[in-house]
Amino acid sequence: MTNPTASELIARSNRLGADPRNTNYAGGNTSAKGTETDPVTGEPVELLWVKGSGGDLGTLTESGLAVLRLDRLRALVNVYPGVDREDEMVAAFDYTLHGKGGAAPSIDTAMHGLVDAAHVDHLHPDSGIAFAAAADGEALTVAAFGGRVVWVPWRRPGFQLGLDIAEIKSANPDAIGCILGGHGITAWGDTSDEAEANSLWIIDTAEKYIEANGRENPFGAPLAGFAALVPAERRAKAAALAAHLRAIASTDKAQVGSFSDADVVLDFLASSEHPRLAALGTSCPDHFLRTKVKPLVLDLPADASIDDSVARLAELHEQYRADYTAYYEKFATPQSPVMRGADPAIILIPGVGMFSYGANKQTARVAGEFYINAINVMRGAEALSTYTPISDAEKFRIEYWALEEAKLQRLPKPKPLAGRIALVTGAASGIGKAIATRLASEGACVVIADLDLAKARDAAAELGNTDVAIGIEANVTDETAVQSAIDATLLAFGGLDIVVNNAGLSLSKSLLETTVADWDLQHNVMAKGSFLVSRAAAKVLIDQKLGGDIIYISSKNSVFAGPNNIAYSATKADQAHQVRLLAAELGEYGVKVNGINPDGVVRGSGIFAGGWGAKRAAVYGVPEEDLGKYYAQRTLLKREVLPENVANAVFVLCTSDLSHTTGLHIPVDAGVAAAFLR
């Protein structure tokens, strides 16, 4: 049973974390002190429950709490070796854990344990950080809060900061919290409700003070030519630039992207002071750990052409990498972790919006949310004073902190397709759905494209939230619709790596029964549709400079001549040769093009359910419900082929194990000798 004090802490944490006014995703931490019976002595023992390392307040559960003995934690003061060696104290926390200790204690644990208050909240509200990042933040703190909130000069999070805050609370008995310079806020209370009320009072008071006393245009006058484009135009431009931007963000390592055209971003970029402020970088440690020290900002007006924008972005990227490398080399010591890459995590395009990047969609999306937090901080600080983030030297100490590196090293090993983005056509059911499911399970972001939008969205929802998969409507026979599907992929995930041409249908008719309309329908969907999708995707893959995979779900019938399927088999043969042609043409760009030749995939198949199964069963003289078994018995392996078997082949083609394979057709037919490739 959860300790009542811990339950109260979890409820408070969830309430605070649910409101972005209070703190950012995974930002801040909360704690509570209480008693529990020691199972060894049977006596009461004082404990500290505190949010563990890497957790998120809004979704915090009991498993996310670190649990420490308060007497042992406070006894660490007696062995503290000083600020130059304070990092050693994180390892010392392990000797203060109660039982198994729950989650790993965070660097802020000392703050919570050493402050003499039963309940402590440390949060990163934009309004509070605006005070923390203002040039005269200390004076503003006095003016806005009087003696109820105390200023604490910047100090890197750690044991010494905990000692500092504990001393400040002791010296200011009327204070309910403090502003941590360059960082955030901390509040406390004798009860959980009191701590929460004090946290919210600080946040609310800071917001009201900025509103009442701030300058009207903190970002300066409007910048001519930099106003936001209308929504359709900015999203079209974002899609046109997306592949080039991903190439910039992925020079060192492939990244997933997230796009935002939120008003806060567009307004910032439309104002005259945005170049100066963006160059100063973010302030709160949580911000620049996610966004890097500063963004890359295109310095062209909103109506700049795509070609001019791409050319200028290349120049700016070269300078960005040089600047970041110089930043690293200036502050790195022999003990510093190696440079983690010199590409930007945030790219700002005036009139259009912001692309943010990370190892996966959630990381990329959250990085963008953090930069919006940073813009809000800049607005508040500039409204009252001058935005003055911590120095680059201090930013480097945080970014390349040994403890931060250790946290990164503890992350689980990425899945095989992590960082890759897939578009699968005809993916709301059958083979396509199985392919999308397998790719998502292996770490890819997946776009499920289908004629039926509702089914596409339902299929995507089965795979997870929109950080994992989205469903879109796409008619592959329509050139405009195909481009819209590619654009939707780029705006959702920032790029494209894997394209699976799976959309298809079949009409089982003899030559004499096949009409021109039958012929055109099947060729339009599969031959023409695959061509349109591959052509639109190839431009993205080339612009990204990351290689990629185009995979055709062809058929055993592309090489096997069977009765009563002239139109279907002919168009499958067309697809099969497209594989060879595109493999030859796109190889110089690192793009692999391969095909898969399934046969007899009856279960879950939209094609077979749509009448093809009944007609093929009639051709072979078997009941329709036994068609799968019939197909299995005519194979060499005597095994029925399932959609998952085709999905397995798609996955293998996308992995590094087949990095040198292109122009291949893999049979997934359980062995049909007549369809052996010659």
Side-chain angles (χ1 to χ4, degrees), residues 15-24 27-28 30 57 117 120-155 164-165 168-169 171-189 193-221 263-264 267-268 271 273-274 276-277 280 282-287 370-390:
R15 288 192 299 271
L16 289 170
D19 188 343
R21 291 175 58 245
N22 300 333
T23 200
N24 38 38
T30 52
L57 290 176
V120 178
D121 296 333
H122 168 58
L123 304 171
H124 298 154
D126 295 345
S127 60
I129 305 174
F131 279 75
D136 49 353
E138 184 172 6
L140 289 169
T141 298
V142 174
F145 305 103
R148 298 194 73 195
V149 178
V150 185
W151 174 263
V152 179
W154 160 259
R155 186 183 290 281
D164 292 348
I165 297 175
I168 283 172
K169 182 185 183 301
N172 296 272
D174 294 331
I176 64 168
C178 52
I179 299 289
L180 309 182
H183 190 163
I185 72 167
T186 296
W188 47 77
D193 288 344
E194 184 179 26
E196 183 176 0
N198 288 342
S199 293
L200 296 176
W201 183 84
I202 294 173
I203 295 167
D204 189 54
T205 300
E207 289 179 349
K208 290 178 178 176
Y209 188 87
I210 294 170
E211 184 178 354
N213 298 278
R215 289 193 293 272
E216 186 176 351
N217 296 308
F219 291 149
D263 289 344
V264 61
D267 292 345
F268 176 65
S271 303
E273 294 300 311
H274 86 262
R276 172 182 65 85
L277 293 168
L280 291 173
T282 54
S283 179
C284 176
D286 264 21
H287 293 179
F370 272 67
Y371 198 77
I372 288 175
N373 290 137
I375 292 174
N376 291 334
V377 168
M378 294 176 197
R379 178 187 289 108
E382 286 285 307
L384 296 176
S385 175
T386 302
Y387 174 64
T388 309
I390 61 175

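The structure presented is a predicted model; accordingly, all values stated were derived computationally and were not measured. Worth knowing before you read on, the calculation uses all heavy atoms, side chains too, and leaves out hydrogens, waters and symmetry mates.
The salt bridge (Lys or Arg N to Asp or Glu O under 4.0 Å) pairs that include a residue from residues 379-389 are R276-E382, where partners are two or more places apart or lie in different chains. Applying the salt bridge (Lys or Arg N to Asp or Glu O under 4.0 Å) test to every pair with at least one member in residues 137-155, sequence neighbours left out, gives these pairs: R155-D164.
Under a 3.5 Å cut-off, the side chain of W188 and the backbone N or O of E194 do not form any donor-acceptor pair. A donor-acceptor pair under 3.5 Å links the side-chain atoms of N22 to the main chain of L16, judged by distance alone.
The heavy-atom pair separating T282 from A374 by the smallest distance is CG2-CB, 3.3 Å. Residues N198 and G189 share a closest heavy-atom pair of ND2-CA, 4.4 Å. In plain terms, the two heavy atoms of C178 and I165 that are nearest each other are SG-CG2, 4.1 Å. When all heavy atoms of A143 and Y209 are compared, the pair lying nearest together is CB-OH, 3.5 Å. Between W154 and G182 the shortest heavy-atom distance is CZ3-O, 3.8 Å. What you find for S271 and F219 is that their closest heavy atoms are CB-O, 3.2 Å.
The only member of L180, I179, I185, T141 that meets side chain to side chain contact (heavy atoms under 4.5 Å, CB included) when paired with V152 is L180.
Two residues are said to be in side-chain contact when any heavy atoms from C-beta on lie closer than 4.5 Å; Y387 and V377 meet this criterion. Between F145 and W201 there is a side-chain heavy-atom pair separated by less than 4.5 Å. Side-chain contact between F268 and E273: absent, with no pair of heavy atoms (C-beta onward) separated by less than 4.5 Å.
In this structure, the separation between CG on N24 and SG on C284 is 6.0 Å, given to the nearest 0.5 Å.
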| said: Run V120 and T30 through side-chain contact (heavy atoms from CB on, under 4.5 Å) and show every step you take. | reply: CA-CA 6 Å; V120 178; T30 52; over 6 Å; no

| request: Assess whether side-chain contact (heavy atoms from CB on, under 4.5 Å) is satisfied between I375 and H274, documenting all intermediate values. | output: CA-CA 9 Å; I375 292 174; H274 86 262; over 6 Å; no

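By the side chain to side chain contact (heavy atoms under 4.5 Å, CB included) test, E211 pairs with no residue at all, sequence neighbours left out. For D136, the side chain to side chain donor-acceptor pair (under 3.5 Å) partners at least two apart in sequence or on another chain are S385. In terms of the side chain to side chain donor-acceptor pair (under 3.5 Å) criterion, residue partners of S199 (sequence neighbours excluded) are, by chain and number, D121.
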Show which side-chain atoms of residues 124-133 pair as donor or acceptor with protein atoms under 3.5 Å away, not counting sequence neighbours.
residue: H124; atom: ND1; partner: D286; partner atom: OD2; Å: 3.3
residue: H124; atom: NE2; partner: H122; partner atom: NE2; Å: 3.2
residue: H124; atom: NE2; partner: H183; partner atom: NE2; Å: 3.4
residue: D126; atom: OD1; partner: N373; partner atom: ND2; Å: 3.1
residue: D126; atom: OD2; partner: N373; partner atom: ND2; Å: 3.3
residue: D126; atom: OD2; partner: N376; partner atom: ND2; Å: 2.9
residue: S127; atom: OG; partner: I203; partner atom: O; Å: 3.3

